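Some notes on the structure that comes next.
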Amino acid sequence: MELRLYDTLSKEKRPFVPLDPVNVRMYVCGPTVYDFAHIGNARPVIVFDVLFRLLRHVYGDKHVTYVRNITDVDDKINARAARDFPALPLNDAIRKVTEETERQFHADVDALGCLRPTVEPRATEHIAEMRAIIEKLIAGGHAYVEQDHVLFSVASDPRYGTLARRSLDEMMAGARIDVAPYKRDGMDFVLWKPSKPGEPSWPSPGGIKVEGRPGWHVECSAMSWKHLGEQFDIHGGGIDLVFPHHENELAQTCCAFHRDRMANVWMHNGFLQVEGEKMSKSLGNFVTIRELREGWAGYAWPGDALRFAMLGTHYRQPIDWTAKALDEAHKTLWRWYGDIEGVQAASNVADDVLAPLADDLNTSGMIAALHALHKAGRLAEMRAALAFLGFSCDLPSLQRKPVTAELRTSEASDQVQMQGTAAPSKQQIEQFISERTAARAAKNWKESDRIRDELAAMGVILKDGKDAEGKPVTTWEVAR
RNA sequence: GGCCACGUGGCGGAGUGGUUACGCAGCGGUCUGCAAAACCGUUUACUCCGGUUCAAUUCCGGACGUGGCCUCCA
């Protein structure tokens, strides 16, 4: 099966050829751990999880290395730590914030059916590699020291701007801010900066006497180098990272190691909006994964439904996150899970499902293929395909719990609290149904309907049908 | 202001230089005590204006619209 992927750098879709088929290497920019991840953050996590699964399928589980970093050194983390734990020394407070947020992040993405990456490196554990890269850049004339900062010189890299497709002139023309006094060129960016008292700090590179901390971009160059090498296969992330983050990573890595390329394929997922608007805290439409799982648009949504809703749109397209689409996704999965309950999964994943995925992760086409399998009654293959794609196939856990009010996520809440009506036991339901069947046989429609309504009030839906011999049979299911 | 992406039927959303996407909703039907469910069938499309072409939703140019990026915000 030929895998084709769209590359942001060359702007074309082309066959994927790994540098080393025995070790296919992918790096995806992970979270900065200072707060709950929002649904926009969930998109790359889900998209690249699907790619990870596909690569494992093609090259073998042991032949794919997926690295997704955790950024645990950042101004926002510092600010959050100072705000939430004012009594603690800053470094202790920072550790509390990053550890707690990392735990929340893992709980959320686990619920979304995402496999853990092969390696989840932390920025603070790769300071030595960052310093090494910075020293190489200084030695190579690509970086300079000024006022205890180390800056990358964009003028030293003729390729700078090729990923984002913009020239330095354009960027200078569009720059709207004052250039910091320690910069030789307005577009130069910080590799290392001095720490303020109390802030996390490490010995500085470049002969700088005072301690400092890394700039934003260099961590990914360091961690991808350490775990994947100077050059690797796939680098992914949100499209908002193309500039400046990925452009700068590319420049750092290529200049430090004298390489033409950093990653062979650059992949970027499209942006996410909520109900047609940009997601922002000021608009009040900021949606975290945790809120979706606890209570959003009237329900606590199972992770499978969130995952399915996300895959309904091709990863490069913009996606509008709406309650309607989520409801539709849930409904589809609900029906499928009901139909494949108790079905033994096929041993292979159907080519019908793999083929669209292999075409630059065409998940919409993949879902259409699943619909076709469903329609054709190929349920064993359906189950195998869904499991392959990271879906639990577990009907009970797919139930969405109604919530009466929109719950706000608090920092303290790490437990997903759900409220639901107490479901009657199977024996009770069967008892009701046999009573109703008797009432129907006696044409006592009033009693029959009363029982049906009563069960409906308890969240049990009755489905009347006939068996092979034409006798009336009533089955039931829990309301979704 | 600069750069980039996107604009498909009631809704969501693929794809293609000429031939059914798919799903949801709707409509019709089968079934049913009624309803639901299930199953069968089915209507509606490619933002606008030019150009290339035998032929454009698909390629090119422009307009309009939406969104993204342009800062040591991630």
Side-chain angles (χ1 to χ4, degrees), chain A residues 8 11 29-35 37-38 40-41 71 74-77 79 149 151-152 161 164-167 169-180 182-183 186-193 213-220 237-248 268 270-273 276-278 308-309 311-314 316-320 322 324-329 331-332 335 338-339 356 359 362-372 374-375 439-441 443-446 448-449 452-453 456 461-466 470 472 474-477 479:
Chain A
T8 309
K11 218 179 173 184
C29 291
T32 298
V33 282
Y34 71 100
D35 202 353
H38 58 68
N41 300 137
T71 295
D74 177 83
D75 289 341
K76 281 188 177 176
I77 296 172
H149 291 67
L151 289 113
F152 184 91
R165 303 195 121 55
R166 52 183 91 183
S167 69
D169 289 345
E170 283 166 1
M171 287 186 274
M172 290 308 293
R176 289 182 302 199
I177 59 136
D178 295 335
V179 175
Y182 45 77
K183 286 187 180 183
M187 296 311 298
D188 289 351
F189 57 90
V190 169
L191 296 169
W192 193 267
K193 57 189 167 185
R213 57 206 169 104
W216 168 32
H217 314 291
V218 73
E219 68 194 53
C220 287
I239 197 165
D240 54 323
L241 294 177
V242 171
F243 194 88
H245 186 54
H246 287 168
E247 188 75 58
N248 292 356
H268 295 96
F271 220 69
L272 177 143
Q273 293 189 85
E277 287 186 306
K278 179 180 178 176
F308 194 71
L311 295 178
T313 301
H314 182 88
R316 283 194 278 121
Q317 292 284 76
I319 190 171
D320 189 14
T322 64
K324 187 169 181 289
L326 180 54
D327 179 68
E328 209 173 283
K331 192 156 121 185
T332 301
R335 184 160 53 178
D339 289 346
D359 182 15
N362 185 348
T363 48
S364 307
M366 178 271 294
I367 288 171
L370 287 172
H371 278 294
H374 181 250
K375 195 168 186 176
R440 292 177 73 205
K443 298 195 189 304
N444 184 352
W445 310 128
K446 196 178 167 185
S448 162
D449 291 350
R452 184 167 65 197
D453 291 345
I461 307 297
L462 298 186
K463 299 196 279 194
D464 293 337
K466 284 182 175 174
T474 299
T475 56
W476 61 277
E477 67 177 31

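It should be emphasised that the depicted structure is a prediction, and the values quoted were computed from it without experimental measurement. Proteins get letters first, then strands, A, B, ... in listed order; numbering begins at 1 in each.
Remark: K324(A) is not in phosphate contact with rG12(B), judged by side-chain N or O atoms under 4.0 Å from OP1 or OP2. For rC22(B), the OP1/OP2 oxygens have no side-chain nitrogen or oxygen of S364(A) closer than 4.0 Å. For the pair Q317(A) and rA5(B), the criterion of a side-chain N or O lying under 4.0 Å from OP1 or OP2 is not met. Neither OP1 nor OP2 of rC22(B) sits under 4.0 Å from any side-chain N or O of K375(A).
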Heteroatom pairs (N/O) under 3.5 angstrom, protein to nucleotides 56-61 of chain B:
none

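Applying the 3.5 Å distance criterion, the base of rA35(B) shares a donor-acceptor pair with the side chain of R452(A). For D449(A) and rG33(B), a side-chain-to-base donor-acceptor distance below 3.5 Å is present, hydrogens and geometry of angles not being considered. A donor N or O paired with an acceptor N or O is found under 3.5 Å between the base of rA35(B) and the side-chain atoms of D464(A).
Straight-line distance between the C1' atoms of rC59(B) and rC24(B): roughly 33 Å, to the nearest whole Å. Taking atom C1' on both nucleotides, rG26(B) is separated from rG68(B) by 36 Å, rounded to a whole Å.
We find that CD of E219(A) is positioned 14 Å from C1' of rC73(B), with the value rounded to whole Å. Following rounding to the nearest Å, L272(A) (CG) and rC6(B) (P) show an atom-to-atom distance of 18 Å. Atoms NZ (K443(A)) and P (rG33(B)) sit 7 Å apart, rounded to a whole Å. One can place NE2 of H246(A) at 14 Å from P of rC69(B), the figure rounded to the nearest angstrom.
Under the Watson-Crick or G-U wobble criterion, with both distances below 3.5 Å, rA56(B) has no partner in any strand shown. Base pairing analysis places rC31(B) opposite nothing; no Watson-Crick or G-U wobble pair with both distances below 3.5 Å involves it. Remark: rA14(B) base-pairs with no nucleotide in the shown strands. Criterion, Watson-Crick or G-U wobble with two distances under 3.5 Å. Within the shown strands, rC64(B) is the pairing partner of rG7(B) under the Watson-Crick or G-U definition, both distances less than 3.5 Å. Using the Watson-Crick or G-U wobble rule with both distances under 3.5 Å, rC46(B) pairs with nothing in any strand shown. Across the strands present, rC73(B) finds no partner; the criterion is a Watson-Crick or G-U wobble pair with both atom distances under 3.5 angstrom.
Comparing G312(A) and I461(A) against RNA chain B, the residue whose closest nucleotide sits nearer the 5' end is G312(A). Both A368(A) and S448(A) lie near RNA chain B, and the one whose nearest nucleotide falls closer to the 5' end is A368(A).
The aromatic ring of F271(A) does not stack onto the base of rG67(B), failing the criterion of a centre distance under 5.5 Å from the six-membered base ring together with planes under 30° apart.
At a threshold of 4.0 Å, the pair D327(A)-K324(A) does not count as salt-bridged, since none of the basic side-chain nitrogens sits closer than that to a carboxylate oxygen.
Backbone-only engagement by K11(A) is indicated by non-hydrogen atom pairs under 4.0 Å involving sugar-phosphate atoms exclusively.
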- [ ] Assess whether side chain to side chain contact (heavy atoms under 4.5 Å, CB included) is satisfied between R213(A) and D75(A), documenting all intermediate values.
- [x] CA-CA 10 Å; R213(A) 57 206 169 104; D75(A) 289 341; 2.6 Å; yes
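Of all nucleotides listed (rA14(B), rG23(B), rA74(B)), rA14(B) comes nearest to the side chain of T313(A).
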